[in-house]
Amino acid sequence: MRTFITPAIVLHRTRYSDRYSIYHLYTLGRGRVGVLVPERTNKRNPLRELFRPLSELEVTLEDNPKKELLRVQEARIIDPHHAVYLDAVKAAQAMFLSEFLYRVCLSPEADRDLYRFLSYALTLWDQSQRSAANFHLCFLLRLLDVLGIAPYLPLPPLEPLPFCLLDHVYTEAPRGVSLTAEQAQHLSLFSRMTFANMHCFRYHRGQRQLILDRLLDYYRLHLHDFPPLKCLPILRQLGEEELRGQILAPDGME
């Protein structure tokens, strides 16, 4: 049997039968693949323990292009991202990002830039000692560049106007989903958020929820078949105390 070895990031798990689960991986060498992993784990077959969502592995897979689901021959941990699951905020973000990437990373073609972005961002997030409250917002924002769907942001008008998320323009008559004139005043500043400075953006919970909603609206407008995410309510349940932060723009974000 021919096999191939590739780094892979675990995106999502789907129950297949009493004996197997399907794990959806995004790989460096083959893009998105689905693999069958036994439900039972033991010393001779510890695979299931390795396949935690967002873990980075090196996997040896059967090389059979005719099969939709591949079997795993071997797997070893590259980075388990353990710290993510020891922090309440990061754990909730992990559930959200796992489902989000499952819906976004669909191509069976290799995209090395996308894989490297995912690997870098997830490792940075896991190791960061600073507040992670804005990580999911920054991740979605910076991923737009990698996917090639980042909006072109013209210079903001002198008089505040709504911003159309479909056409990337400030206009009095936007089509479909848009930012209000007050919200659009903060767009230029938010677009400068990076993994290096995201902890400097002080938002309260309501502001984060609004920003996340508009980001997801943007993905829904510019990606084919992007459904509502089931885990979003869990992320919304994070309390103000856990997402500690202060108000940056009290008048324009709610």
Side-chain angles (χ1 to χ4, degrees), residues 84 89-90 92-94 96-97 100-101 104-105 111 113-171 174 176-223 226 232 235-236 238 240 242-254:
V84 165
V89 173
K90 289 182 177 180
Q93 290 174 339
F96 165 75
L97 291 174
F100 171 79
L101 290 172
V104 170
C105 299
D111 185 334
D113 288 338
L114 175 55
Y115 185 92
R116 287 173 181 141
F117 169 82
L118 297 179
S119 177
Y120 167 77
L122 294 175
T123 299
L124 186 72
W125 174 48
D126 178 60
Q127 296 176 353
S128 176
Q129 300 300 311
R130 288 175 162 169
S131 171
N134 290 329
F135 175 80
H136 59 306
L137 305 180
C138 187
F139 183 92
L140 266 63
L141 175 66
R142 300 274 62 100
L143 181 60
L144 293 172
D145 295 313
V146 183
L147 296 177
I149 58 172
Y152 166 72
L153 294 181
L155 291 174
L158 296 178
E159 293 294 327
L161 288 173
F163 183 80
C164 178
L165 295 180
L166 180 62
D167 298 325
H168 306 165
V169 293
Y170 294 94
T171 175
V177 181
S178 64
L179 303 180
T180 67
E182 290 185 37
Q183 294 166 1
Q185 292 183 74
H186 306 283
L187 182 58
S188 178
L189 177 61
F190 175 70
S191 69
R192 299 174 200 165
M193 182 185 285
T194 67
F195 294 124
N197 67 19
M198 63 183 180
H199 63 282
C200 298
F201 287 70
R202 303 288 183 173
Y203 299 125
H204 62 58
R205 185 176 58 169
Q207 292 171 336
R208 288 190 183 91
Q209 290 181 357
L210 177 60
I211 294 170
L212 179 60
D213 286 342
R214 294 294 82 81
L215 281 166
L216 292 175
D217 285 338
Y218 186 88
Y219 275 92
R220 202 161 285 118
L221 286 169
H222 296 276
L223 290 180
F226 184 76
L232 197 55
L235 193 63
R236 298 197 192 285
L238 285 175
E240 178 67 22
E242 289 174 309
L243 290 178
R244 52 192 177 277
Q246 300 171 5
I247 301 173
L248 175 68
D251 295 326
M253 298 302 298
E254 294 190 16

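- You'll find the side chain of Phe190 reaches within 4.5 Å of the side chain of Tyr203, heavy atoms only.
- When the side chain to side chain donor-acceptor pair (under 3.5 Å) test is applied to Arg116, no partner is found at least two apart in sequence or on another chain.
- Proximity of Phe135 to Val84: side-chain heavy atoms (C-beta onward) are nowhere separated by under 4.5 Å.
- The structure places CG of Leu232 at 8.5 Å from CD of Gln209, a figure rounded to the nearest 0.5 Å.
- Proximity of Met193 to Asn197: side-chain heavy atoms (C-beta onward) are separated by under 4.5 Å at one or more points.
- Between His199 and Ser131, the shortest heavy-atom contact is CB-O, 4.3 Å.
- A distance of 8.0 Å separates NE2 in His186 from CD in Gln207, rounded to the nearest 0.5 Å.
- With sequence neighbours excluded, no residue forms a side chain to side chain donor-acceptor pair (under 3.5 Å) with Asp111.
- Under the rule for a side-chain contact (heavy atoms from CB on, under 4.5 Å), the partners of Pro160 that lie at least two apart in sequence or sit in another chain are Ala181, Gln185.
- Considering CG of Leu212 and CG of Asn134, their distance stands at 11.0 Å, rounded to 0.5 Å.
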Exercise for the section: In sequence, state the C-alpha distance, the side-chain angles, and the governing distance for Tyr218 and Val177, and then conclude on side chain to side chain contact (heavy atoms under 4.5 Å, CB included). Expected result: CA-CA 8 Å; Tyr218 186 88; Val177 181; over 6 Å; no

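- Rounding to the nearest 0.5 Å gives a distance of 10.0 Å between CG of Leu221 and OG of Ser178.
- At distances below 3.5 Å, at least one donor-acceptor pair connects side-chain atoms of His222 with backbone N or O atoms of Leu165.
- Not one N or O on the side chain of Arg214 forms a donor-acceptor pair closer than 3.5 Å with the backbone of Leu179.
- Note on ring orientation: taking the six-membered ring where Trp is involved, the planes of Phe100 and Phe226 are perpendicular (angle over 60°, cut-offs 30° and 60°).
- How far CG of Leu137 is from CE of Met198: 10.0 Å, rounded to the nearest 0.5 Å.
- Judged by distance alone, with hydrogens and angles left aside, the side-chain atoms of Thr123 form a donor-acceptor pair with the main-chain N or O of Ser119 at under 3.5 Å.
- The line from CG of Leu141 to CZ of Arg192 is 12.5 Å long, rounded to the nearest 0.5 Å.
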